[in-house]
Every structure is written in C-alpha cells, then in structure tokens.
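Here the structure comes first, spelled out in structure tokens, and everything after it is commentary.
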Protein chains: 2
Amino acid sequence: MKHIGLDLNQQVWVVQLASPQEAKIVLEQAIRQKRFIQILGENHVEYQGRARSVLTEGERLIILKRDGTLLVHKPSGVEPVNWQPSGATFKVAVKEGKLVLLVNRAKPRETVRITFTKILLIIASNLDDPGEFSMFLTEEEMQRVLSAHPELIENGLRIIRRERQVAPGFIDIYARDSEGRLVIVEIKCRRASREAVLQLQSYLKSLQKETDTHIRGILVAPSLTKGTLGLLEQLGLEFRKIEPQQCYKYIHQTATRRLTEFTENE
Amino acid sequence: MKHIGLDLNQQVWVVQLASPQEAKIVLEQAIRQKRFIQILGENHVEYQGRARSVLTEGERLIILKRDGTLLVHKPSGVEPVNWQPSGATFKVAVKEGKLVLLVNRAKPRETVRITFTKILLIIASNLDDPGEFSMFLTEEEMQRVLSAHPELIENGLRIIRRERQVAPGFIDIYARDSEGRLVIVEIKCRRASREAVLQLQSYLKSLQKETDTHIRGILVAPSLTKGTLGLLEQLGLEFRKIEPQQCYKYIHQTATRRLTEFTENE
DNA sequence: ATATGCATGTCGCAC
DNA sequence: GTGCGACGTGCATAT
C-alpha cells in the first residue's frame, strides 16, 4: 500500500494499490468519519431490489457519500450503472481474498454488492459545500410569470386561481376569458407531445363534468411534436405558442447578477 | 504541485494541490488522451441552456468522462447538481488567476462554466470497462413473459400480437379471449396510477373507432393507487393483479447464475 | 406515508 | 434526426 498525499489537515486521504485487507481498514475508518469516498478499481456488481441486475468485471469509479448515497460510474455515460439513493448503509468485508462492499437500503429493501478484483485508488475527503443553488426558467417559473401576466396568453384573461386540483391531477391555470367563459391552461416549457394533450383533455373533461358548462382548454408551449396540433384540433383544444425566453424578462432578479455576467461573457 | 502516484503503466495520474496553470496543463493533456478525470476542489458553477442555474462556492467532485460527459457532485445526494450528457466538449482556461472549465454542447446549445477557487486533487485514469450489464424484472421482461404465457392473465387468451401501434401510442398486448372478443392489455410492473388507466382508455378508444366493435381493456399491474380501481370500473375496464415475482420463474436463465448465487447469499 | 407530476430528466428504440 | 415511452427513474409537494 502506498499511503500518500495527506494534505496539511489530513483533509484528503489518497491510498494507492491497497491490498483488500488494507482497503477494508481505510474504508471502514472513512465510512465511520462520514467522508466522501471515491474508489477506482476493477469490480463486478450485483443489485437486487425493485429490480435485479448483474454487471460483470470492469474498471469503474465507486462513490460513497456521507449521506449514504452510492454511485457506480462507468467510463462513459451520464447515468450511474448502479446506485443507491441517500440513506443506505455501507459495510465492508473481505471474502475469499477480495474486497466486498455491501450497500443496503431498508425501504424498499435493496442491496448492492460490489466485489473488487483490483483496487487502483482510494480517496477519502471531507468535502465542505455551503454553496447555494438556484435555478431559473423552469416550468414553475413559467407558470408564475404567466399567472402574473396572463395577457401573454390572451388579452382579457383573468386568473381565477393557479394550480387548481381536479380529479385527475392539477390544472396549471384556471381563468375566465374576456367573454366570461371558463378557461384552463396547461403550460409546458418545452416542446409538448400528445401526452400533454391527453393531460389537458382529462383535466378539462373532469372539470366539465363538475361544472356542466363548456370550457376552453389552452395548451401553452414553445412548440409541438408532429401529430400534436392535429390531436388538439380534433379535441377542440387550443394552442398558444410561448417561448420560455418571453418569460425571462419578468423573472424576479434576485441572485442573478452572476448569471447575467456569465451570459454576457459567453 | 505534488505530482505523485503514477502507477507502473502510468495508468493513473494523481496530482495534488496544483496551481491553476499546472492544473491547466495536466487537464488539457488528460482531455486530449480521453482519460477519466476526477477533480476535487472548491468552485462555483454556472449553467445556461434548457434552463439556467447558479451554484455558489463550495467543495465538489467534478467528473469528466471520455465520451464528453460532465458531472458535478456535491458531498450528498444521488443526483449531480450540474451535469452535461455525453457529447459535450471540454475546454480549460486560466482567467484572473483561476482555473476555469468550460463545457459546451451543440444541440441543444448549452454551456456549463466551472471556476475553481481551490484545486485539491486531480486524478486522470484510463478506465477499461468491458463488463456487460443485464437487468431483470423490468416492464419489458414482464411483457415478454406475459406474451409467452397469456394464461397468467386469463385462461383462453390468445395473443394476436405484441406492441401493436395505434394512434396515441403502443398497445402492450393485443389478443382475443376464449369467447373471441378483442382484448387489449396494458402492463405495468409497478403500482399503476390513473395515468395508466387514461393510457389504456385512449388506446382502447382509438382501436374501437378503427374496428367498430366492443373491445375489452385489461390493466395488468401488481397494485393500483388509491382512486384508480374506481376510475377503471367507471370506464368499464378490468384489472388483473400480477406480481413481477410471478413472472420471474419464466425469465430465460442466461447470465443469471451469479445473480442466483447473490440471492442465495444475502 | 401516499399520490401526483416535473425534470437541464436520460436512455433506447422505432420510424 | 424526431417522436415516444420506460426508468431500480429522483425529487418536491400536497394531502
């Protein structure tokens, strides 16, 4: 084992080419200390829980987070090949001369077992992340803007309420048009598909049954997939093209300074 | 810079406490060689593309994969706080004395910028992963089993075809019952919600319009969410409770030996 | 706790 | 390339 690279405050451990026994000791200590652990090595992975899977030998990066998150990352692909969401427990063992990592979760009952045939590198650090994350231009954001500025959808539209619950789910916007007719609006911040139409349709029907009057249904989206406009018309629904960009200028400008700088630079 | 821990074949580079300039050289080389790169450090992240986001200073793990995948992982949570799917391009720069990582994607046009205020550790390895991944007990698996053994759904059921396309999407199973009536089956391998019912309903209607005869609709699932059975009955559809476990014994037993061992051990 | 719908979803597959 | 649906989806939110 080459136990190398301890930094000034022992904040980062770097252990190279450990034997299974040595790795076990290091990992158990790191898990106890709730460190952020990375293991580079050759392994095979079995999973059983909501489904079952087998991954045969290969070199991957294993990540154990202090909240009980497991990630198994292949050399390519944005999604982990195996994982466990936060709250899992980690156990380390040496079986038949091999390092075995057992990850268990209670609800639903799930297990991931990782058996190492080679341990290239172990890193255990104390990551401190007080950073704050903010997102803009999501569907929620678009809803808020369009609720505040219904004229973007149609002149004379008056909001009755946002997010009204009906039997099959939620209506994004519930309003009355300039002629006093009820209007429900389904908002998508990206290209909308037939699925969105079915959603709007089922909301509309449910509400129609309740109120027993004609109701207009409007799908708001930047664009539609191929057959979707046809389906809309067939069902007597309407389409209003709105780009997320059109909403952007109405978003409350808190904490967006850096984002603006970023945009100017790129 | 402590350039340490090169293994025998220089398969793994470990660089600790690099200056921004040193880090730039190492990373550019590693990117050119399409290595699997991990960077531990303090940084802030801006994203602009389908949405926009800002993440203020904190310590995180950055992963650059050789297929152009970016991951930014906080010390907790299974999901990356920022990311880019495969196909992005990586650029490294030093701006105002800080290491800056620029990740660009063409379609949709997106950019992630990571600015490092501290670089704790850089690791660049040549992961070789020839492993094969197999999953069991998915919805597809369940479909295959139930197509091969329709008697699990109902006695006398004869499959006409699997995955028949109709206007709103795909029908999982299209069959005729013992009395010669048409039957369409929608299969869910988990608890089914109203959405599944709406799906089945829209398929059924579309097919009914086409054939102009009565058609039975059956929803197969291990269980239903609360109001779902009521909705089913209201629409004249049927429910058949089938557990994924019931299908398991019919799954073709290739490459499942290790999985079986695993199950026996846990 | 359960149900419901969004997501920078990602991914695979059919057309 | 686009459309469409599954996913061990994860996740927040509302009941």
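Note: hydrogens, waters and symmetry copies are ignored here, and every other heavy atom, side chains too, is used. Everything numeric here is computed off the predicted structure, so don't read it as measured data. Order of the sequence lines sets the chain letters (A, B, ...), proteins ahead of strands, with each chain counted from 1.
Remark: Glu238(A) does not engage Arg240(A) in a salt bridge, criterion side-chain N to carboxylate O under 4.0 Å.
One side chain, Asn104(B) or Thr111(B), offers a donor N or O that lies under 3.5 Å from an acceptor on the other. Between the side chains of Arg191(B) and Ser223(B), at least one donor N or O sits under 3.5 Å from an acceptor N or O.
Residues Phe133(B) and Glu195(A) each lie close to DNA chain D; by heavy-atom proximity, the contact nearer the 5' end of the strand is made by Glu195(A). Between Val78(B) and Ala192(A), the residue anchored closer to the 5' end of DNA chain D is Ala192(A), taking for each the nucleotide with the nearest heavy atom. A residue-by-residue look at Arg191(B) and Met135(A) shows that Arg191(B) has its nearest nucleotide of DNA chain C further toward the 5' end.
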What donor-acceptor contacts under 3.5 angstrom involve side-chain atoms of residues 71-82 of chain A, with partners at least two apart or in another chain?
| unit_1 | atom_1 | unit_2 | atom_2 | d |
| --- | --- | --- | --- | --- |
| His73(A) | ND1 | Lys65(B) | NZ | 2.8 |
| Lys74(A) | NZ | Asp129(B) | OD2 | 3.2 |
| Asn82(A) | ND2 | Ser53(A) | OG | 3.2 |

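Separating the NZ atom of Lys65(A) from the P atom of dG10(D) is a distance of 14 Å, rounded to the nearest angstrom. If you measure from atom CZ of Arg105(A) to atom C1' of dG8(D), you get 9 Å, rounded to the nearest angstrom. The NZ-P distance, from Lys226(A) to dG5(D), rounds to 14 Å in whole Å. When the C1' atom of dG5(C) is taken as reference, atom CD1 of Ile187(A) falls 14 Å away, rounded to whole Å. As rounded to whole Å, 8 Å separates atom C1' of dT8(C) from atom CZ of Arg190(A). Atoms CG (Leu70(B)) and P (dT8(C)) sit 15 Å apart, rounded to a whole Å. Note: CD (Glu110(A)) to C1' (dG8(D)) measures 6 Å, nearest angstrom. The distance from atom CD of Gln199(A) to atom C1' of dG5(C) is 7 Å, rounded to the nearest whole Å.
Residue Arg50(B) places no side-chain N or O under 4.0 Å from the OP1 or OP2 atom of dA7(C). Considering only side-chain N and O atoms, Arg52(A) lies nowhere under 4.0 angstrom from the phosphate OP1 or OP2 of dG8(D). In terms of phosphate contacts, Lys188(A) brings no side-chain nitrogen or oxygen within less than 4.0 Å of OP1 or OP2 of dA7(C). Within the structure, a side-chain polar atom (N or O) of Thr225(A) is placed less than 4.0 Å from OP1 or OP2 of dC4(D). One finds a side-chain N or O of Lys107(A) lying less than 4.0 angstrom from the OP1 or OP2 phosphate oxygen of dT2(C).
Remark: Asn82(A), Trp83(A), Gln84(A), Pro85(A) in residues 79-91 of chain A come within less than 4.0 Å of DNA chain D through at least one heavy atom.
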Original post:
Could you write out DNA chain D as a dot-bracket string, with dots for unpaired bases, | for bases paired across to another strand, and Watson-Crick or G-U pairs counted at under 3.5 Å?
Top reply: |||||||.|||||||

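Side chains of Val45(B) and Thr115(B) form no contact here, defined as non-hydrogen atoms less than 4.5 Å apart. Using a 4.5 Å heavy-atom cutoff, the side chains of Leu70(A) and Val112(A) are in contact. Counting only heavy atoms from C-beta outward, the side chains of Leu101(B) and Asn43(B) never approach each other to under 4.5 Å.
The two residues Phe90(A) and Val103(A) have their closest heavy-atom pair at CD2-CG2, 3.8 Å. Nearest heavy atom pair, residue Met135(A) against residue Phe133(A), reads CG-CE2, 3.4 Å. Ile173(B) and Ser147(B) make their closest contact through CD1-OG, 3.6 Å (heavy atoms, listed as atom of the first residue, atom of the second, distance).
Atom name P, nucleotides dT8(C) and dT4(C): the rounded distance is 23 Å, in whole Å.
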